[in-house]
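Residue numbers run from 1 in the order of the sequence given.
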Amino acid sequence: MQTTSSGAGRSAAPVAEWLIRHALAASERAAREEIGVELRIAQRSTEGTTMQLRRTIAGIAAGVVTCTAGVILGPTTAHAAELGDRSLAAVLTSDGNRFDRNWYDYDIVTEAVLAVLAAKPDSPVKLLTDGSVPLTAFIPNDRAFQVLVHDLSGKRYSSEKTVFNKLVAAVGVDAVESVLLYHVVPGATIVAKDALKADGAKLATALPGASITVDVKSKWLKLIVLKDQDPNDLNPLINPLAFDINKGNKQVAHGIVLVLRPLDL
(Lines give C-alpha, C1' and ligand atoms only; values in the text may rest on other atoms or scores of the structure.)
Protein backbone atom coordinates (compact mmCIF):
# COMPACT_ATOMS: atom_id res chain seq x y z
CA MET A 1 0.00 0.00 0.00
CA GLN A 2 1.45 3.36 -1.01
CA THR A 3 0.88 6.48 1.03
CA THR A 4 1.97 10.09 0.71
CA SER A 5 2.85 12.77 3.23
CA SER A 6 4.30 16.26 2.90
CA GLY A 7 8.05 16.77 3.54
CA ALA A 8 9.94 19.48 5.40
CA GLY A 9 9.48 23.14 4.53
CA ARG A 10 11.17 24.54 1.43
CA SER A 11 14.05 26.14 3.30
CA ALA A 12 14.78 23.04 5.35
CA ALA A 13 14.35 20.57 2.51
CA PRO A 14 18.00 20.06 1.43
CA VAL A 15 19.25 19.40 4.97
CA ALA A 16 16.20 17.38 5.94
CA GLU A 17 16.35 15.19 2.85
CA TRP A 18 20.08 14.55 3.36
CA LEU A 19 19.52 13.55 6.99
CA ILE A 20 16.55 11.36 6.11
CA ARG A 21 18.47 9.49 3.39
CA HIS A 22 21.39 8.86 5.70
CA ALA A 23 19.16 7.91 8.63
CA LEU A 24 17.29 5.38 6.49
CA ALA A 25 20.52 3.92 5.13
CA ALA A 26 22.05 3.67 8.60
CA SER A 27 18.88 2.06 9.95
CA GLU A 28 18.94 -0.61 7.29
CA ARG A 29 22.62 -1.39 7.80
CA ALA A 30 22.18 -1.64 11.55
CA ALA A 31 19.04 -3.70 11.17
CA ARG A 32 20.94 -6.42 9.37
CA GLU A 33 23.08 -6.89 12.46
CA GLU A 34 20.83 -5.92 15.35
CA ILE A 35 17.18 -6.90 14.82
CA GLY A 36 17.39 -10.29 13.18
CA VAL A 37 15.96 -12.21 16.13
CA GLU A 38 13.17 -9.88 17.22
CA LEU A 39 10.28 -11.94 15.88
CA ARG A 40 11.90 -15.14 17.12
CA ILE A 41 11.99 -13.61 20.61
CA ALA A 42 8.42 -12.42 20.25
CA GLN A 43 7.40 -15.96 19.35
CA ARG A 44 8.79 -17.21 22.66
CA SER A 45 6.97 -14.50 24.54
CA THR A 46 3.66 -15.44 22.93
CA GLU A 47 3.31 -18.69 24.88
CA GLY A 48 0.71 -18.23 27.57
CA THR A 49 -0.40 -14.79 26.39
CA THR A 50 -3.10 -15.72 23.87
CA MET A 51 -5.82 -16.16 26.48
CA GLN A 52 -4.75 -12.93 28.16
CA LEU A 53 -5.05 -11.08 24.86
CA ARG A 54 -8.56 -12.43 24.36
CA ARG A 55 -9.59 -11.53 27.91
CA THR A 56 -8.31 -7.99 27.55
CA ILE A 57 -9.63 -7.08 24.11
CA ALA A 58 -12.37 -4.96 25.63
CA GLY A 59 -9.85 -3.12 27.76
CA ILE A 60 -7.57 -2.62 24.79
CA ALA A 61 -10.39 -0.98 22.85
CA ALA A 62 -10.58 1.63 25.62
CA GLY A 63 -6.78 1.77 26.11
CA VAL A 64 -5.03 4.74 27.68
CA VAL A 65 -1.83 6.51 26.69
CA THR A 66 0.36 7.18 29.72
CA CYS A 67 2.96 9.92 29.77
CA THR A 68 6.08 10.47 31.83
CA ALA A 69 6.20 14.23 31.43
CA GLY A 70 2.56 15.23 31.83
CA VAL A 71 2.06 15.37 28.06
CA ILE A 72 -1.46 14.66 26.86
CA LEU A 73 -1.56 12.86 23.52
CA GLY A 74 -4.55 12.42 21.27
CA PRO A 75 -7.60 14.56 20.55
CA THR A 76 -10.00 15.94 23.12
CA THR A 77 -13.44 14.34 23.31
CA ALA A 78 -14.96 17.17 21.30
CA HIS A 79 -12.30 16.98 18.61
CA ALA A 80 -12.49 13.18 18.45
CA ALA A 81 -16.17 13.44 17.62
CA GLU A 82 -15.25 15.44 14.51
CA LEU A 83 -12.83 12.80 13.17
CA GLY A 84 -13.82 10.31 10.49
CA ASP A 85 -14.31 6.57 10.90
CA ARG A 86 -12.19 5.25 8.04
CA SER A 87 -10.13 2.39 9.44
CA LEU A 88 -6.44 1.80 8.90
CA ALA A 89 -7.29 -1.61 7.46
CA ALA A 90 -9.34 0.13 4.77
CA VAL A 91 -6.40 2.42 3.96
CA LEU A 92 -3.84 -0.39 3.90
CA THR A 93 -5.91 -2.47 1.47
CA SER A 94 -7.04 0.44 -0.71
CA ASP A 95 -4.55 -0.27 -3.50
CA GLY A 96 -6.08 -3.67 -4.23
CA ASN A 97 -4.18 -5.57 -1.56
CA ARG A 98 -1.23 -6.75 -3.61
CA PHE A 99 2.53 -7.02 -3.37
CA ASP A 100 4.63 -4.77 -5.61
CA ARG A 101 8.25 -3.76 -6.20
CA ASN A 102 8.24 -0.75 -3.90
CA TRP A 103 10.11 -1.70 -0.72
CA TYR A 104 9.18 1.54 1.02
CA ASP A 105 5.44 1.09 1.27
CA TYR A 106 3.48 -1.22 3.57
CA ASP A 107 2.34 -4.32 1.69
CA ILE A 108 3.97 -6.85 4.04
CA VAL A 109 2.52 -5.40 7.23
CA THR A 110 -0.88 -5.33 5.45
CA GLU A 111 -0.61 -9.02 4.62
CA ALA A 112 0.54 -9.75 8.17
CA VAL A 113 -2.63 -8.15 9.56
CA LEU A 114 -4.80 -10.12 7.14
CA ALA A 115 -3.01 -13.39 7.92
CA VAL A 116 -3.52 -12.94 11.67
CA LEU A 117 -7.21 -12.14 11.24
CA ALA A 118 -7.70 -15.11 8.91
CA ALA A 119 -6.15 -17.48 11.46
CA LYS A 120 -7.53 -15.76 14.58
CA PRO A 121 -10.71 -13.77 13.79
CA ASP A 122 -11.07 -12.62 17.42
CA SER A 123 -7.51 -11.28 17.68
CA PRO A 124 -7.14 -7.76 19.11
CA VAL A 125 -5.52 -6.95 15.76
CA LYS A 126 -9.14 -6.68 14.61
CA LEU A 127 -9.20 -3.19 16.13
CA LEU A 128 -7.49 -2.00 12.94
CA THR A 129 -10.69 -2.80 11.03
CA ASP A 130 -12.97 -0.75 13.30
CA GLY A 131 -12.60 2.89 12.38
CA SER A 132 -14.72 4.02 15.32
CA VAL A 133 -11.95 2.98 17.73
CA PRO A 134 -9.25 5.67 18.12
CA LEU A 135 -5.71 4.33 17.78
CA THR A 136 -2.28 5.11 16.43
CA ALA A 137 -0.15 2.54 14.60
CA PHE A 138 3.55 2.63 13.78
CA ILE A 139 3.94 0.58 10.61
CA PRO A 140 7.28 -0.82 9.38
CA ASN A 141 7.92 -0.57 5.66
CA ASP A 142 8.56 -3.58 3.46
CA ARG A 143 12.33 -3.07 3.52
CA ALA A 144 12.34 -3.55 7.30
CA PHE A 145 10.75 -6.96 6.88
CA GLN A 146 13.13 -7.90 4.07
CA VAL A 147 16.09 -7.17 6.33
CA LEU A 148 14.46 -9.09 9.18
CA VAL A 149 13.90 -12.20 7.07
CA HIS A 150 17.48 -11.96 5.83
CA ASP A 151 18.67 -12.05 9.42
CA LEU A 152 16.39 -14.97 10.28
CA SER A 153 17.22 -17.08 7.23
CA GLY A 154 20.59 -15.86 6.01
CA LYS A 155 19.02 -15.23 2.61
CA ARG A 156 17.98 -12.00 0.95
CA TYR A 157 14.80 -12.48 -1.04
CA SER A 158 13.96 -10.19 -3.92
CA SER A 159 10.16 -10.25 -3.81
CA GLU A 160 7.78 -9.01 -1.12
CA LYS A 161 5.60 -12.10 -1.42
CA THR A 162 8.53 -14.41 -0.74
CA VAL A 163 9.64 -12.30 2.22
CA PHE A 164 6.16 -12.48 3.71
CA ASN A 165 5.83 -16.24 3.19
CA LYS A 166 9.26 -16.91 4.66
CA LEU A 167 8.49 -14.72 7.67
CA VAL A 168 5.26 -16.50 8.57
CA ALA A 169 6.85 -19.90 8.00
CA ALA A 170 9.80 -19.00 10.24
CA VAL A 171 8.03 -17.52 13.24
CA GLY A 172 4.34 -18.46 13.07
CA VAL A 173 1.14 -16.44 13.20
CA ASP A 174 1.12 -16.05 17.00
CA ALA A 175 4.48 -14.27 17.00
CA VAL A 176 3.38 -12.07 14.12
CA GLU A 177 0.27 -11.17 16.12
CA SER A 178 2.30 -10.15 19.18
CA VAL A 179 4.63 -7.97 17.15
CA LEU A 180 1.73 -6.28 15.35
CA LEU A 181 0.04 -5.48 18.66
CA TYR A 182 3.24 -3.90 19.91
CA HIS A 183 3.03 -1.44 17.03
CA VAL A 184 -0.48 -0.24 17.98
CA VAL A 185 -1.33 2.41 20.59
CA PRO A 186 -5.08 2.11 21.30
CA GLY A 187 -7.26 4.87 22.67
CA ALA A 188 -5.46 7.88 21.16
CA THR A 189 -5.20 9.55 17.76
CA ILE A 190 -1.64 10.89 17.84
CA VAL A 191 -0.83 13.13 14.88
CA ALA A 192 2.63 14.45 14.06
CA LYS A 193 2.24 17.87 15.69
CA ASP A 194 1.28 16.19 18.99
CA ALA A 195 4.06 13.61 18.78
CA LEU A 196 6.67 16.32 18.22
CA LYS A 197 5.60 17.95 21.49
CA ALA A 198 5.67 14.67 23.41
CA ASP A 199 9.35 14.04 24.11
CA GLY A 200 9.56 11.46 26.89
CA ALA A 201 5.94 10.32 26.62
CA LYS A 202 5.40 6.64 27.38
CA LEU A 203 2.82 4.97 25.14
CA ALA A 204 0.91 1.90 26.31
CA THR A 205 0.57 -0.51 23.37
CA ALA A 206 -2.03 -3.14 22.55
CA LEU A 207 0.41 -5.84 23.66
CA PRO A 208 -0.40 -6.19 27.38
CA GLY A 209 2.30 -4.76 29.64
CA ALA A 210 4.45 -3.44 26.78
CA SER A 211 5.10 0.24 26.09
CA ILE A 212 7.02 2.55 23.73
CA THR A 213 8.77 5.80 24.67
CA VAL A 214 8.84 8.85 22.39
CA ASP A 215 12.28 10.42 21.87
CA VAL A 216 12.07 13.65 19.86
CA LYS A 217 15.47 14.30 18.27
CA SER A 218 14.51 17.40 16.27
CA LYS A 219 11.21 19.25 16.10
CA TRP A 220 12.48 21.30 13.16
CA LEU A 221 13.38 18.24 11.05
CA LYS A 222 10.52 16.17 12.47
CA LEU A 223 12.87 13.43 13.67
CA ILE A 224 11.39 11.08 16.26
CA VAL A 225 12.88 7.84 17.55
CA LEU A 226 10.68 5.25 19.28
CA LYS A 227 12.37 3.50 22.19
CA ASP A 228 11.19 -0.08 22.55
CA GLN A 229 11.79 -2.76 25.20
CA ASP A 230 15.31 -3.60 24.00
CA PRO A 231 17.68 -0.89 25.30
CA ASN A 232 20.77 -2.39 23.67
CA ASP A 233 19.73 -2.29 20.02
CA LEU A 234 18.86 0.35 17.46
CA ASN A 235 15.45 1.97 17.93
CA PRO A 236 13.15 2.68 14.97
CA LEU A 237 12.95 6.12 13.43
CA ILE A 238 9.64 7.52 12.24
CA ASN A 239 10.10 8.42 8.59
CA PRO A 240 9.53 12.22 8.50
CA LEU A 241 7.98 11.79 5.06
CA ALA A 242 5.44 9.23 6.30
CA PHE A 243 3.64 10.96 9.15
CA ASP A 244 -0.16 11.15 9.52
CA ILE A 245 -1.35 8.36 7.26
CA ASN A 246 -5.18 8.50 7.32
CA LYS A 247 -5.12 11.93 8.98
CA GLY A 248 -8.57 13.32 9.75
CA ASN A 249 -9.79 9.98 11.05
CA LYS A 250 -9.78 8.39 14.48
CA GLN A 251 -7.16 5.86 13.33
CA VAL A 252 -3.81 7.22 12.10
CA ALA A 253 -0.46 5.65 11.29
CA HIS A 254 3.16 6.73 10.96
CA GLY A 255 5.69 4.84 8.86
CA ILE A 256 8.83 3.53 10.60
CA VAL A 257 12.06 2.11 9.19
CA LEU A 258 12.65 -0.76 11.64
CA VAL A 259 10.46 -3.22 13.51
CA LEU A 260 9.81 -2.44 17.18
CA ARG A 261 11.05 -5.08 19.65
CA PRO A 262 8.75 -5.93 22.59
CA LEU A 263 11.45 -7.61 24.70
CA ASP A 264 14.93 -6.94 26.03
CA LEU A 265 17.26 -9.21 24.09
Side-chain angles (χ1 to χ4, degrees), residues 35 38-39 41-46 48-69 71-74 87-89 92 106 109 112-113 116-117 120 122-130 133-140 144 148 171 173-192 194-195 198-216 224-231 233-238 243 245-246 250-265:
I35 67 168
E38 65 194 65
L39 285 183
I41 296 297
Q43 184 179 34
R44 288 194 219 117
S45 72
T46 299
T49 66
T50 301
M51 290 305 296
Q52 182 184 11
L53 290 174
R54 294 182 183 277
R55 287 195 301 267
T56 58
I57 185 170
I60 288 173
V64 176
V65 177
T66 61
C67 302
T68 59
V71 181
I72 303 300
L73 296 180
S87 71
L88 281 177
L92 290 171
Y106 309 100
V109 73
V113 169
V116 168
L117 293 179
K120 307 173 72 172
D122 295 327
S123 168
V125 172
K126 190 175 182 179
L127 292 175
L128 295 170
T129 70
D130 184 354
V133 177
L135 61 80
T136 302
F138 301 102
I139 52 177
L148 176 60
V171 305
V173 171
D174 286 346
V176 173
E177 177 189 45
S178 292
V179 172
L180 288 175
L181 291 174
Y182 189 55
H183 287 72
V184 176
V185 177
T189 306
I190 307 170
V191 296
D194 296 324
D199 188 37
K202 188 175 183 181
L203 310 180
T205 74
L207 184 65
S211 62
I212 302 166
T213 301
V214 178
D215 183 8
V216 179
I224 299 176
V225 169
L226 300 176
K227 293 184 177 180
D228 57 24
Q229 297 299 302
D230 191 340
D233 288 319
L234 190 67
N235 290 302
L237 172 76
I238 298 179
F243 275 113
I245 298 166
N246 203 34
K250 295 182 179 71
Q251 297 191 351
V252 297
H254 309 295
I256 58 176
V257 301
L258 296 174
V259 180
L260 288 160
R261 295 177 294 279
L263 291 176
D264 183 358
L265 303 184

Donor-acceptor pair, distance only, cut-off 3.5 Å: does the side chain of [X] make one with the backbone of [Y]?
X	Y	answer
Y182	E177	no
R261	V179	no
Q229	A210	no
T189	P134	no
T129	K126	yes

Is the shortest heavy-atom distance from the side chain of [X] to the side chain of [Y] under 4.5 Å?
X	Y	result
N235	D228	yes
V109	H183	no
L203	I190	yes
I224	D215	no
L180	V113	yes
T205	V184	no

What are the two closest heavy atoms between [X] and [Y], and how far apart are they?
X	Y	result
A198	V216	C-CG2, 4.4 Å
V125	L117	C-CD2, 4.0 Å
P186	A204	CD-O, 3.6 Å
G255	I245	N-CD1, 4.2 Å

Practice task
Could you tell me which residues satisfy salt bridge (charged side-chain N to carboxylate O under 4.0 Å, His left out) with D130, sequence neighbours excluded, listed by chain and number?
Solution key: none

Exercise for the section: Any chance you could measure L207, atom CG, to L260, atom CG, to the nearest 0.5 Å? Expected result: 11.0 Å

Fill in the blank from the handout: d(Y106 OH, L92 CG) to nearest 0.5 Å is 9.5 Å

Problem - Under the ring-ring contact (aromatic ring centres under 6.0 Å, His included) test, residues paired with F138 that sit two or more places apart - result: H254

Completion exercise
The single option from T136, I139, L127, L135 that satisfies side-chain contact (heavy atoms from CB on, under 4.5 Å) with L88 is L135

Problem - No-hydrogen, no-angle side-chain donor-acceptor test under 3.5 Å, Q251 and S87 - result: no

